[in-house]
Every structure is written in structure tokens, then in C-alpha cells.
Number of protein chains: 2
Amino acid sequence: MYTIGDTAKATDLPTKTVRYYADIGLVMPSGRSDSGYRLYSGREINKLIFIRRARSFGFSVQECRELLSLYEDQERSSRDVKAIALRRIAEIEKKLLELQSLHKELSYLAETCNGDNRPDCPIISGMSG
Amino acid sequence: MYTIGDTAKATDLPTKTVRYYADIGLVMPSGRSDSGYRLYSGREINKLIFIRRARSFGFSVQECRELLSLYEDQERSSRDVKAIALRRIAEIEKKLLELQSLHKELSYLAETCNGDNRPDCPIISGMSG
DNA sequence: CCTTGACCTTCCAGTTACTGGAAACATTAC
DNA sequence: GTAATGTTTCCAGTAACTGGAAGGTCAAGG
């Protein structure tokens with residue numbers, strides 16, 4: 001069992017955010033210490049890491065809730081699970097392409113503009129591809 | 001020259017957001033029509049597409065401002081440009097790894113939970129890798 | 001020319017997802 | 001035992017939109 005600070009370290013989330021997620025019922029601590037400290041188990045740690053990743057790619061908290069429920073809602077049919085997962089996978093693949101494109105653009109910029117004098121770097125005109 | 005609606009379509013951003021970016025001085029329209037309509041050129045379209053991408057990967061508006069300034073601030077030395085670009089590239093590479101990991105997790109879920117009966121899918125316990 | 005509908009304008013209020021800070025209690029380190 | 005650090009709740013503030021009202025503009029059809 002981890003206190004909120006240890007949980008924050010383990011998940012690479014701010015303490016404030018972990019507490020916020022508990023407040024909105026996204027990831028509840030598995031219990032409280034005698035003195036009222038939130039206590040998290042490995043399971044919650046894993047959920048929080050998953051959420052941090054999903055959030056950092058623009059999935060809303062609501063969408064994270066839905067993604068988590070894929071694993072937890074015993075009432076939901078496998079068909080639903082698969083449908084939602086596949087929809088998200090398509091989005092992720094689109095994001096992967098865009099992220100690679102962004103990477104390429106910045107790499108080109110770093111390569112091109114590497115002297116002491118400022119070169120022209122007219123890269124914006126090519127930034128939309 | 002594009003009106004704000006055409007610009008929104010071309011950049012895949014909501015009209016509201018394009019107007020908001022003008023309000024905060026992130027991307028100004030290159031001019032106004034006689035009747036006061038915002039008018040955008042290809043250059044602004046490209047900037048907006050670049051920003052949409054960067055935003056969707058968690059770069060703040062302030063960071064987008066900095067990234068755009070890499071191309072525009074004639075006072076900034078090439079050394080700075082390269083340093084900032086390299087820092088961002090490192091972040092993007094980390095994001096790429098995490099996005100690939102997210103993709104793998106959801107693909108595994110979609111594959112595993114594909115019958116008509118709900119299988120156990122105890123994937124959360126492996127979600128932190 | 002007139003009207004209808006889709007566009008645009010400004011302004012202001014509301015939302016999402018945090019984020020910072022105060023006051024007070026708990027735990028750990030010396 | 002006391003100082004530093006960590007935790008609690010609560011409340012206010014911020015970033016980046018987002019929705020809606022009230023009104024001006026523009027192209028198409030009658």
C-alpha cells in the first residue's frame with residue numbers, strides 16, 4: 001500500500017492530480033489509514049499510469065473512465081469492449097502518424113538551423129504536410 | 001484568403017478555437033474584410049495545423065508560441081533554435097514510446113475480448129509496462 | 001428588391017481539468 | 001521533543017476552450 005506521495009512518484013503524476021482523480025471518482029484509493037491518509041494498491045497505480053498516458057494523448061477524463069470500464073464493467077458485452085477498443089485504436093494510429101510528422105518537422109529544423117548564423121529556415125510553408 | 005469557416009475546415013479546428021487563437025494573439029488573421037470578417041492566408045493555415053498537432057500532444061499554448069517563434073523570431077540565435085528543438089524532440093520521442101505502448105495494450109484487449117461471452121481480460125495488472 | 005438561411009461579428013458566461021495556497025493534523029528524522 | 005516533511009480538507013484561481021445571445025453580412029431563389 002502506497003501513500004499519496006509514493007503513488008504520485010510511482011505514476012509520475014502530481015499529488016494534486018491523484019487527489020483530484022479520487023475526488024471525481026476516477027480512481028479511488030483502495031482504503032484509508034487510521035489517520036485518514038489515502039492508501040493505494042498496485043492495481044490503482046496501474047490504472048493511474050494508464051490514465052496519465054491516455055490523458056497525455058488528448059483522451060478526456062470521461063473517455064478514460066470509459067476505457068477503464070472496458071476492464072471493469074462485468075455487465076458490458078465483449079462486443080462492446082471490442083468496438084470501443086477498436087475505435088480508440090484507430091484514433092491512436094492517427095495520432096501516431098501525426099506525432100511522427102511533428103518529429104520529422106522538428107528534426108529537420110534542428111538539422112537545418114545548426115550554424116551560428118541564423119539561416120532562413122522557411123519551414124512553415126512545408127509544415128502542413 | 002480564407003474566411004474563418006474555411007480556415008476551420010482547412011485546419012480541422014473548431015471556428016471558436018481559431019477565433020480564440022486570434023484573441024490571444026497566437027495566430028492573427030492576416031487581415032480583415034471590409035465588413036470586418038477575419039481573413040487567413042495559407043501561411044496562417046499552416047501555423048494553425050502545426051498548432052493543432054502540437055496541442056493534441058500536450059504542448060501548452062505557451063509552448064506552441066515558443067515553437068512558432070523558432071521560425072519567426074529573427075533575433076533568436078540558431079543555437080537557441082536548435083536547443084529548444086532538440087528538447088522538444090526528446091519529449092516527442094518519449095511520447096512516441098508511450099503512444100505505442102497504449103496502442104499495444106488496446107490491441108491486446110481487442111484481440112483477447114472478442115467472443116460473445118465476456119472473458120476475464122485481467123489486463124490492468126499488466127498495464128503499467 | 002426582398003427575404004431566407006448560412007455565415008460572420010462581439011461579448012459574456014460556463015466547463016474541464018487541473019493547480020496553488022491556507023490552516024490543521026500525522027509521521028519521520030535527529 | 002521539536003523541526004521538517006507529508007497528509008488532510010476547503011476554496012480560489014488558471015488554462016484553454018465552448019456555448020449561447022444579439023446582431024450584422026452575404027449569396028441564392030422568388
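Bear in mind the structure is a predicted one, so any value in this text is a computation, not a measurement. Numbers restart at 1 for each chain; the letters A, B, ... are given by sequence-line order, proteins then strands.
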What is the distance, rounded to the nearest whole Å, between atom [atom1] of [X] and atom [atom2] of [N]?
X        : N       : atom1 : atom2 : result
Phe59(A) : dT16(C) : CZ    : P     : 19 Å
Asp34(B) : dT25(D) : CG    : C1'   : 12 Å
Leu13(A) : dA17(C) : CG    : P     : 14 Å
Arg52(B) : dA16(D) : CZ    : C1'   : 17 Å
Tyr21(A) : dA17(C) : OH    : P     : 8 Å
Tyr40(B) : dC8(C)  : OH    : C1'   : 12 Å
Asp6(A)  : dT27(C) : CG    : C1'   : 12 Å
Arg38(A) : dT27(C) : CZ    : C1'   : 17 Å

So [X], base contact, sugar-phosphate only, or nothing? Heavy-atom distance under 4.0 Å.
X        : value
Arg19(B) : base
Thr15(B) : nothing
Arg55(B) : sugar-phosphate
Ser33(B) : nothing

Donor-acceptor pair between Glu44(B) and Ser41(B) side chains, under 3.5 angstrom
yes
For the pair Lys95(A) (side chain) and Leu99(B) (backbone), establish whether a donor and an acceptor sit closer than 3.5 Å, ignoring hydrogens and angles.
no
Measure from the side-chain N and O atoms of Arg38(A) to the backbone N and O of Arg19(A), and report whether any donor-acceptor pair falls under 3.5 Å.
no
Of the candidate nucleotides [options], which contains the atom at the shortest distance from the side chain of [X]?
X        : options                   : result
Ile4(B)  : dT8(D), dC8(C), dT27(C)   : dC8(C)
Tyr20(B) : dC10(D), dT25(D), dT18(D) : dT18(D)
Thr17(B) : dA17(C), dT18(D), dA16(D) : dT18(D)
Arg32(A) : dT7(D), dC17(D), dT9(D)   : dT9(D)
Tyr37(A) : dT27(C), dC17(D), dT9(C)  : dT27(C)
Pro14(A) : dC18(C), dT19(C), dT18(D) : dT19(C)

Evaluate Ser101(B) against Glu98(B) for side chain to side chain donor-acceptor pair (under 3.5 Å), listing each step before the verdict.
CA-CA 5 Å; Ser101(B) 165; Glu98(B) 293 204 321; over 6 Å; no
Judged by nearest nucleotide, the residue sitting upstream toward the 5' end of DNA chain C, Ser60(A) or Asp23(B), is Asp23(B)
Position toward the 5' end of DNA chain C (nearest nucleotide), Lys9(B) or Lys16(B)
Lys9(B)
Taking the nucleotide of DNA chain D with the closest heavy atom to each, which residue, Thr3(A) or Ile24(B), is nearer the 5' end?
Thr3(A)
May I ask you to decide whether Lys94(A) forms a salt bridge with Glu91(A), counting only side-chain N to carboxylate O separations under 4.0 Å?
no
Could you give the distance from CD1 (Ile89(A)) to CG (Leu106(B)), rounded to the nearest 0.5 Å?
5.5 Å
